[in-house]
Amino acid sequence: MKILVMNSGSSSLKFQLFTGVELAVLASGVIEQIGDTIGHIKINFIDASGANKELKTEQVIPDHRSAIQLMEKLFLEQKILTDVSELTGVGHRVVHGGEAFYKPVQVTKEVLDGIKELIPLAPLHNPANIAGIEVLMEKIPDVPQVAVFDTAFHQTIPQHAYLYALPHELYEKHKVRRYGFHGTSHSYVSKKAAEYLNRPYEELKIITLHLGNGASAAAIDHGLCVDTSMGMTPLEGLVMGTRSGDIDPAILFYLARETGMDIPALDNLLNKESGLKGICGINDMRSIGELAAAGDTQAMLAFKIFCYRIKKYVGAYLAVLGGADCLVFTGGIGENDPEAREQCLLDLDGLGISLDPVKNTTRSDAVIEIQNSGSACTILVVPTDEEYAIAVQTLELLM
Ligand code: ADP
């Protein structure tokens with residue numbers, strides 16, 4: 001039993017190979033700067049003797065087809081696989097499933113056409129996901145492939161929460177609505193939280209905070225997602241590494257009039273030059289923490305703005321859910337930055353959310369509980385594992 005999980009970005013390919021029903025990791029790798037002057041490849045794997053190995057190389061990788069060929073070459077050269085046809089199945093992370101896809105599906109020609117129809121909603125992401133699927137369909141047509149959608153978990157959000165206050169025909173004709181992203185992660189960590197609490201998932205009210213380079217919050221009511229901070233695109237909501245999150249949309253008209261910026265320039269501004277990077281020049285929270293500790297006022301400000309936005313969403317979702325049994329931190333920042341966790345939940349004691357400053361600094365790869373004894377809400381740090389979650393869903397669908 002071998003399941004390959006692929007996560008294709010516009011210029012990258014992350015992959016992970018799992019084995020056995022317990023889905024142990026056999027290999028994981030990343031191929032970056034696809035289409036650039038030089039590409040970077042890193043793979044970690046377990047060799048025939050059971051030892052952990054790491055391999056790094058550089059070479060020109062013109063497109064996703066070449067990246068997949070390279071992945072296959074590494075699998076064969078390092079004897080991780082004897083042939084790609086021995087795969088049981090392949091799970092693909094597909095960013096946008098629109099309204100059509102609300103759960104994982106086995107890829108057929110019709111499904112692929114459906115994902116292609118959604119390209120206008122995710123012009124940077126879906127084409128890369130499609131490229132990965134098409135190359136493997138040609139190479140190993142007999143190996144089943146499964147698409148797992150980032151938007152699927154959020155398809156239970158009710159209409160009053162997913163519609164924008166825009167003319168209704170924009171929804172009917174152009175599908176303008178909130179879809180939400182990071183669904184695999186929100187779903188995985190909220191279920192892990194229920195498992196940890198030893199309570200039925202369907203009984204709990206949970207707020208999940210996925211805080212990485214991209215960041216989003218979700219409100220989960222008795223097992224169903226009822227709201228999330230990302231919108232029609234992953235730009236809305238929380239402050240992110242380089243994305244602004246919520247802003248007054250009239251800022252765009254103002255900038256267009258005052259500076260002459262056109263649509264691509266505004267797109268680039270909000271997606272690539274804003275967020276933490278826009279405020280203090282860097283998007284990496286670890287470096288921002290170091291700069292802030294050394295007294296850099298812009299870094300301090302970026303940290304404050306990032307955490308304040310999260311706190312506002314926590315307050316909003318407490319209202320949406322009518323209180324929460326559990327709040328979950330995950331993602332690179334959520335899992336590793338106690339100061340950010342503390343700042344996000346500062347002075348929420350009156351709302352039943354109260355952090356224990358000592359427990360909050362515990363380091364662990366497992367789930368940890370960090371609320372104090374007076375907190376009505378359990379606060380957990382749950383490491384996310386989107387690739388594993390995709391492998392589980394792929395396996396479930398193929399069994
Ligand atoms: P992506 O959205 O790219 O998957 P990650 O979930 O890996 O992002 O999160 C990346 C973010 O996590 C970066 O801002 C990084 O600085 C931050 N991060 C990772 N480790 C730490 C740490 N120990 N302290 C603070 N921030 C951290």
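Counting convention: from 1, in listed order, for ligands and their atoms alike. Each residue takes its place number in the sequence, starting with 1. The figures here come from the full heavy-atom set of this structure, side chains too, leaving out hydrogens, waters and symmetry mates.
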Ligand 1 contact by Gly214, heavy-atom criterion under 4.0 angstrom:
yes

Nearest to atom 4 (O) of ligand 1, what protein heavy atom do you find, and at what distance?
Lys14 NZ, 4.7 Å

Does atom 24 (N) of ligand 1 have a protein heavy-atom neighbour under 4.0 Å away?
yes

Considering non-hydrogen atoms of the protein only, which is the closest contact for atom 8 (O) of ligand 1, and what is the distance?
Asn213 N, 3.1 Å

Those atoms of ligand 1 less than 4.0 Å from some heavy atom in Asp337
25 (C)

Element-labelled atoms of ligand 1 that are located less than 4.0 Å from some non-hydrogen atom of Gly212
2 (O), 5 (P), 6 (O), 8 (O), 9 (O)

Counting the benzene-type ring for Trp, do Phe149 and His96 have ring centres under 6.0 Å apart?
no

Atom 17 (C) of ligand 1: which protein heavy atom is closest, and how many Å away?
Ile333 CG1, 3.6 Å

Do Thr330 and His210 get their side chains close enough for a donor-acceptor pair, meaning under 3.5 Å?
no

Can you report which non-hydrogen protein atom sits closest to atom 18 (N) of ligand 1, along with the distance?
Gly332 O, 3.6 Å

Please report which non-hydrogen protein atom sits nearest to atom 21 (C) of ligand 1, along with the residue it belongs to and the distance in Å to one decimal place.
Asn336 CB, 3.5 Å

For the residue pair Gln145 / His92, report whether a side-chain donor-acceptor contact shorter than 3.5 Å exists.
yes

Hey, are the side chains of His125 and Arg93 touching, using non-hydrogen atoms and a 4.5 Å cut-off?
no

Between the side chains of Ser354 and Asp349, does any donor sit under 3.5 Å from an acceptor?
yes

Determine whether the aromatic ring centres of residues His186 and His154 are separated by less than 6.0 angstrom.
yes

Starting from atom 26 (N) of ligand 1, find the nearest protein heavy-atom neighbour and note its residue, name and distance.
Arg286 N, 3.7 Å

Using the benzene-type ring in the case of Trp, are the ring centres of Phe15 and Phe75 under 6.0 Å apart?
yes

Polar atom proximity, Met285 to ligand 1 (N or O, under 3.5 Å):
yes

Look at the rings of Tyr388 and Tyr188 and say which category their plane angle falls in: under 30° parallel, 30 to 60° tilted, over 60° perpendicular.
perpendicular

If you scan protein heavy atoms around atom 15 (C) of ligand 1, the nearest is Asp284 OD2, 3.7 Å

